[in-house]
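This report concerns only the one structure given below.
Labels below follow one simple rule: chain letters A, B, ... track the order of the sequence lines, proteins then strands, and each chain is numbered from 1. All values below were derived from every heavy atom in this structure, side-chain atoms included, with hydrogens, water molecules and symmetry-related copies excluded.
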4 protein chains.
Amino acid sequence: MIVVMKVGSPEAEVARICQEFAEWGLTPEKIVGKHKVVVGLVGDTAALDPLQLQEISPWIEQVLRVEQPFKRASREFRHGEPSDVVVPTPNGPVVFGEHQPIVTIAGPCSVENEEMIVDTARRVRAAGAKFLRGGAYKPRTSPYSFQGHGESALELLAAAREASGLGIITEVMDTADVAKVAEVADILQVGARNMQNFALLKKVGAQGKPVFLKRGMSATIDEWLMAAEYVLAAGNANVILCERGIRTFDRRYARNTLDLSVLPVLRTLTHLPIAIDPSHGTGKAEYVPAMAMAAVAAGADALMIEVHPNPAKALSDGPQSLTPERFDRLMQELAVVGKAVDRWPELELAIA
Amino acid sequence: MIVVMKVGSPEAEVARICQEFAEWGLTPEKIVGKHKVVVGLVGDTAALDPLQLQEISPWIEQVLRVEQPFKRASREFRHGEPSDVVVPTPNGPVVFGEHQPIVTIAGPCSVENEEMIVDTARRVRAAGAKFLRGGAYKPRTSPYSFQGHGESALELLAAAREASGLGIITEVMDTADVAKVAEVADILQVGARNMQNFALLKKVGAQGKPVFLKRGMSATIDEWLMAAEYVLAAGNANVILCERGIRTFDRRYARNTLDLSVLPVLRTLTHLPIAIDPSHGTGKAEYVPAMAMAAVAAGADALMIEVHPNPAKALSDGPQSLTPERFDRLMQELAVVGKAVDRWPELELAIA
Amino acid sequence: MIVVMKVGSPEAEVARICQEFAEWGLTPEKIVGKHKVVVGLVGDTAALDPLQLQEISPWIEQVLRVEQPFKRASREFRHGEPSDVVVPTPNGPVVFGEHQPIVTIAGPCSVENEEMIVDTARRVRAAGAKFLRGGAYKPRTSPYSFQGHGESALELLAAAREASGLGIITEVMDTADVAKVAEVADILQVGARNMQNFALLKKVGAQGKPVFLKRGMSATIDEWLMAAEYVLAAGNANVILCERGIRTFDRRYARNTLDLSVLPVLRTLTHLPIAIDPSHGTGKAEYVPAMAMAAVAAGADALMIEVHPNPAKALSDGPQSLTPERFDRLMQELAVVGKAVDRWPELELAIA
Amino acid sequence: MIVVMKVGSPEAEVARICQEFAEWGLTPEKIVGKHKVVVGLVGDTAALDPLQLQEISPWIEQVLRVEQPFKRASREFRHGEPSDVVVPTPNGPVVFGEHQPIVTIAGPCSVENEEMIVDTARRVRAAGAKFLRGGAYKPRTSPYSFQGHGESALELLAAAREASGLGIITEVMDTADVAKVAEVADILQVGARNMQNFALLKKVGAQGKPVFLKRGMSATIDEWLMAAEYVLAAGNANVILCERGIRTFDRRYARNTLDLSVLPVLRTLTHLPIAIDPSHGTGKAEYVPAMAMAAVAAGADALMIEVHPNPAKALSDGPQSLTPERFDRLMQELAVVGKAVDRWPELELAIA
């Protein structure tokens, strides 16, 4: 921490402040500048809040954090090495990581009925997906919109898993549902709206399934990594970060602004794998392919793409869903770029 | 709903679309323009998603909602009349509403110990506050920061209520805690980070205590009212909206941007009472008085202000807390403006 | 400036960097922390760019500016005293400043014809305005919209000045027009879209009339003060800052978000007078009165309000203009709050 | 245009409004809904402002534009065909367009001296660039920062053009400089801060050199296309759009948020070629390669990349500049992806 004093701070006050910091177990070091005095704080400052320190004296102008606020999520925590998140699925283990082939997750926004989810699972598997997404519990802006089929949808996901061999990823919205969802899901998703639902983060951190943590609509990179830190600190080391578009001033065409720069930014900050969701990230099926291509070229470790057998009849998020045919075609397009950057998985010879 | 067709849409396709809408129980009406054809949809469109309708045909360019998406929260739902939210407190009922005196809520960010919370309660009551705020469960960006004393803090709030006669407002963050918090609190607060925690909204909507619904950091007015709609639709008519600053591009000085224009905007949209929180809204104690003055002049129904006996030693949010002395002075300043706009409460003659 | 080194920086590299800084005429001071080394730079750092310094070595993690980037605009430049901007008008000098009565500027978005502008001038003067606003050159999003009557409108403003005795404030958009506009205007306005039109800032800084500098739609406080610094550095000490709403994620109801927190924020940073424009700040006439009230209570030094004799027929910005009748009423409402905070001008007895 | 009436609008008022629209030469068509009445306006509505129409009656709730506000910039204006912008350079004509190979523009932020600019030109040409960028006039946040060498830098650009055969692109900031800059430059750049400097747009629209129009920091897609419309309407058909990052709430790591979704969005809206500037778009050299890769995969028609022989000593924007070595390597990486998507130029056999 760096404590910047206001111009004209009395020497006695600076001394008093240094004294106070020393009592907190920190070692203060004073630098006298031409206009200003600055105090560097040496010691364990990670738990301190810069704004809080500022309250110690009205003569403090600014307190600047020099260390990152996150620890377990930081790249340094693993001495610069990326972490692999290994997820067992009926078709075998799938690995998310910077040095792994890109993992594709596909499926509908919400689970509507058995035929639809099983059929979609088979289709996306055939196209190369490793995981099936599908919501049992749906966060909807309106209380009058379809809220997901809940528990019964979990059973349908289990059936689709059985039928296709794909891993299952589905969202959990309430601490009360975590155990139930974790029974069926191979990966638990925490949605953008719950990124700072700290009760939920602690709960998913205390169970054993990997966590897919979407970035909040207006979460900074630091806040996002601190949300991951909640899960990691609760004992769960398997976190995958997923960018899904941030909220900006222009929402007329793309509903959100997909922030692909998180790819190079997060690489230097964290060891965690990074997924991109171009479907929510743009909100419109016709924009999805270009953004998926961009994500692959920019170094994403995983893609999450909405696919629905009949988008026009979808109970939720139809406008951003691809048809299975379009998804097939997209996977072929992605393979070309994915191979060019040496991140595309070998075609498996399995019979779905 | 208004369905705008693309230039050159085949007549047969427009006819097909009209047919499909008719099957949904809507009455389509076609307007033929110079360049474009537009279809107006008459009927119950409140549950429809404009983006979803768009999927019906690739020839649809845009679907525009003409009706508001919220019903129970709308001003029209009460035929233009504002609603009063009456909250019983030991000192008697307090009424929040557009035609009522301004209600002041004050207290520390978090409940630290009995002496501190009881003392603060007495001081803010003496200055004119009607409610004590104080967090038992605290949403904190970092898992390593103080998370609130939880259940034991609820008991301290009960003691402060007893000692001061003030009503209690405190935040609930987990559906599992709703019953427990509702036992002590006179008003349940849903924080900004949980504004779209729909499981929580349903749960607080299903119990009897009034709900204080903070605006999410990047929630639009419509999303905020839809969150209120969740509570109202679950059966709880007593919702108070609270603006607490939105996230914008400049956070160097004020941490959030307090959006006071919600006051005139919400007045025409909803019947619900509106509170302003200048403490979170700016993040810095020195900016609070000017913004509190502004809120009173612009027509706020309530103010929520952080007061801490010793901000420098506060376990959370110290930088934005006023000292009791500064709060006393502020209440006198506010009274001058509050009286000028005819919204300030008469001084009670009670002995605290 | 504070230079933060990366963990594990070689001592020799730190030494090399210190050497390099010394060659630039700065005095580096090293602080050795538990994890990190930090170098404080003492000397004249105002012209240095933190990001630039960072390039000196790949071992530098961050460079933090400790001094404000603005000088002449800073409060410290006037030893904590606010500056008064005195503007001569036919009705006598008008003073903008923190310790002065609030100055009201009113008038239409654009000058349409002589009758309309002269009539509006008389009406707003009668209601208490000291300046007439009215655009000769209009920044319009569309090339097909009315662009202002240009030079001929300047003559009409001169006529309105003559007829009403009010000072004139009007926008200049092109360096080529500065001299022409300065002949007629008592104050030159630089609009939000030109806040970083540096050629224009230099030009208005090099002439003698006061400058009314609107905040850019997405300008930070620092960028805004640096724009003022351009004018001040060019030799013109008479700058008035005007907040007119910033761009945020929600533009459905209010077109911009009026950021009233600039009032307490700027007070501590700068000596310059601060105006608020609730008309552009909200974009809708019905929101203007509440925001004007808020501005007065929060400590604005001036208000700029759009008034048009017939908003429905206005050639530009009709929706946000008040009728003269509504403006009369608003001025009476503002007077109540303005007197309560001791900032309202005495009624002059002049006969207009 | 679609005019939505408020609930309960008197029939006589609707009739009056229709009458008024008819007098404006529009053909109003009434749709009577269950709750609301809507009036469709048929005719030439492009020049009308929706907010203005709203003023016609207090019973109007909303006016929605159905047509795009831009004409010449619209894809429909060219019947769905993209336009090619052909720019003569000493090395031969270079074509920007959707069906053309990607054009790379590279060079330093500002022109510092002859050796540096000529040398950089040769190096970037050898790596495959077709245009040299370099600022003679620089928009700088601070008046105390280096402002560009101005006119003398234009001569150095001419020398670099001569030496390398590359086309020149450079920024013009003042209407007074347009003629001078157009003498040397093959493409005139209008910077982000001047995107709505309408005087400048008209001026560059009235001369013959192509215009490179950067998106404003907080410009919506519509505003950007309307800025292009200014240039097109003034008679200059050769406009290239350039995304360079927008301003969002998180600027800690990437300085701006590069909005790559403009690629699929603009494709459907406009026929104009689209360039991406990952250097300004992220503000940091280490993020540039990933974003350049993404831009190529997502379908950009051109790239603008900052390259400086010695970023640490650059007079401006050093932190976001690549070294020539890194640029060489990046061009090879881009070629792999560019070929995969069939947009990479054949290597020319010229001797630089």
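The greatest number of non-hydrogen atom pairs below 4.5 Å with chain D, out of A:V296, A:L269, A:V337, A:V336, is found for A:L269. Annotation: maximal heavy-atom pairing with chain A below 4.5 Å, among D:L258, D:V288, D:T257, occurs at D:T257. When each of D:T282, D:I221, D:L263 is scored by its heavy-atom pairs under 4.5 Å with chain A, the top score falls to D:I221. The candidate from A:P264, A:G299, A:A254, A:G281 with the greatest count of non-hydrogen atom pairs under 4.5 Å with chain D is A:P264. Per-residue heavy-atom pair counts under 4.5 Å with chain A were compared for D:E223, D:K284, D:M291, and the maximum is reached by D:M291.
If you measure heavy-atom distances from A:A219 to chain D, the contacts under 4.5 Å come from the backbone alone. At a 4.5 Å heavy-atom cutoff, the contact between A:R247 and chain D is made by backbone atoms alone. Only the side chain of A:T248 comes within less than 4.5 Å of a heavy atom of chain D; its backbone N, CA, C and O stay farther away.
At distances below 3.5 Å, at least one donor-acceptor pair connects side-chain atoms of D:E229 with backbone N or O atoms of D:R72.
The pair A:E286-A:R326 fails the salt-bridge criterion, with no side-chain N (NZ, NE, NH1 or NH2) lying under 4.0 Å from an Asp/Glu carboxylate O. Using a 4.0 Å cut-off between a side-chain N of Lys or Arg and a carboxylate O of Asp or Glu, D:D277 and D:R215 do not qualify as a salt bridge.
Inspection of the A:H280 and A:Q320 side chains reveals an N or O donor paired with an N or O acceptor under 3.5 Å.
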Could you walk me through whether A:I102 and A:L334 pass the side chain to side chain contact (heavy atoms under 4.5 Å, CB included) check? CA-CA 10 Å; A:I102 293 169; A:L334 294 176; over 6 Å; no
Step by step, would you call A:F327 with A:T104 a side chain to side chain contact (heavy atoms under 4.5 Å, CB included)? CA-CA 11 Å; A:F327 179 66; A:T104 303; 4.0 Å; yes
